[in-house]
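Encoded as structure tokens, the structure appears first; notes follow it.
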Amino acid sequence: CDSYTWQVDGQTYTSSGTYTNTSANAAGCTHVDSLVLIIDNSTSSSMSATACDSYSWNGQTYTTSGTYTNTSTNAAGCTQVDSLVLTIDNSTSSSMSATACDTYTWDGVAYTTSGAYTNTYTNAANCDSVHTLNLTINYSNTGTSAVTACDSYDWNGQIITTSGSYNQTFTNAANCDSVHTLVATINYS
């Protein structure tokens, strides 16, 4: 493979061919050594790849950018060196928390229950970008009560002088609206 050093003449040959060396033998006569040489060559290849988070090559998984090599034997029985120039881009993630009353709209979707919700986008490196919403939904509430009074009724500073239904909005313990309806019956003296 690639080169051969012939012990007869001490020369290193890098190409196929027939080589001879002429010398004198012990009897002082001409002695010819012949070498019929076939040189097979090592081979190599190189490739580039870009991947998100990891890349598998020749049974190995790589998670960082770099140049990697794999050495094997080619069909001629010589060394085969394969090189991989790898660029690893990374996925990203983020999370946010939100608290809302009754409903919360995130990325065009209205959510009405608490929970963790995720959406996956593509980041600038063309890899996944996973966004998580940790959502707490608190709820508004309603209540109704009835009262009968003579001439007028003072309901939290609102003076009611005619029968009917009246609404007032308060804030409940969850910091959401609490709408209370009062059904008033006003009798006159």
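For the single chain, residues carry numbers from 1 onward in sequence order.
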Shortest non-hydrogen contact from [X] to [Y]?
X: N156; Y: Q168; value: ND2-OE1, 3.1 Å
X: H180; Y: S145; value: NE2-OG, 2.8 Å
X: I186; Y: S163; value: N-OG, 2.8 Å
X: T103; Y: A100; value: O-CB, 3.5 Å

Under 4.5 Å between side-chain heavy atoms, hopping through other hydrophobics if needed: is there a path connecting [X] to [Y]?
X: Y13; Y: V8; result: yes
X: V81; Y: M47; result: no
X: V147; Y: Y166; result: yes
X: I160; Y: Y188; result: yes

Using a 4.5 Å cut-off on heavy atoms from C-beta on, say whether the side chain of [Y] contacts that of [X].
X: T99; Y: N175; answer: no
X: V36; Y: T18; answer: yes
X: D9; Y: Y19; answer: no
X: Y117; Y: V109; answer: no
X: N187; Y: T148; answer: yes
X: S114; Y: L135; answer: no
X: T71; Y: T79; answer: yes
X: W6; Y: L37; answer: no

Can a donor-acceptor pair be found, under 3.5 Å and without considering hydrogens, that links the side chain of [X] to the backbone of [Y]?
X: N172; Y: Y139; result: yes
X: N74; Y: N41; result: yes
X: S16; Y: I39; result: yes
X: D40; Y: A75; result: no

Quick one: pull up [atom1] in [X] and [atom2] in [Y] and give me the separation to the nearest 0.5 Å.
X: W57; Y: S83; atom1: CH2; atom2: OG; result: 6.5 Å
X: Q7; Y: L35; atom1: CD; atom2: CG; result: 11.0 Å
X: T61; Y: Y55; atom1: OG1; atom2: OH; result: 11.0 Å
X: I159; Y: D154; atom1: CD1; atom2: CG; result: 3.5 Å
X: D33; Y: T20; atom1: CG; atom2: OG1; result: 9.0 Å
X: N123; Y: S94; atom1: CG; atom2: OG; result: 11.0 Å

Would you please say whether a donor-acceptor pair under 3.5 Å links the side chains of [X] and [Y]?
X: T169; Y: D177; result: no
X: T5; Y: T12; result: yes
X: D53; Y: S91; result: yes
X: S129; Y: H131; result: yes

Exercise. For S93 and T132, what are the C-alpha separation, side-chain angles and deciding distance, and is it a side chain to side chain contact (heavy atoms under 4.5 Å, CB included)?
Worked result: CA-CA 8 Å; S93 64; T132 300; over 6 Å; no

Exercise. Between W155 and F170, what is the ring plane arrangement, given parallel below 30°, perpendicular above 60°, and tilted in between?
Worked result: perpendicular

Exercise. Should T113 and I137 be marked as a side chain to side chain contact (heavy atoms under 4.5 Å, CB included) after you check the CA-CA gap, both sets of side-chain angles, and the distance that decides it?
Worked result: CA-CA 6 Å; T113 57; I137 294 291; 5.6 Å; no

For this session: Verify the neighbour count for atom CD1 of I38: are there more than 12 heavy atoms of other residues, nucleotides or ligands below 6.0 Å?
Result: no

Exercise. What's the verdict on side chain to side chain contact (heavy atoms under 4.5 Å, CB included) for T64 and I88, showing C-alpha distance, side-chain angles and the deciding distance?
Worked result: CA-CA 6 Å; T64 56; I88 293 291; 5.6 Å; no

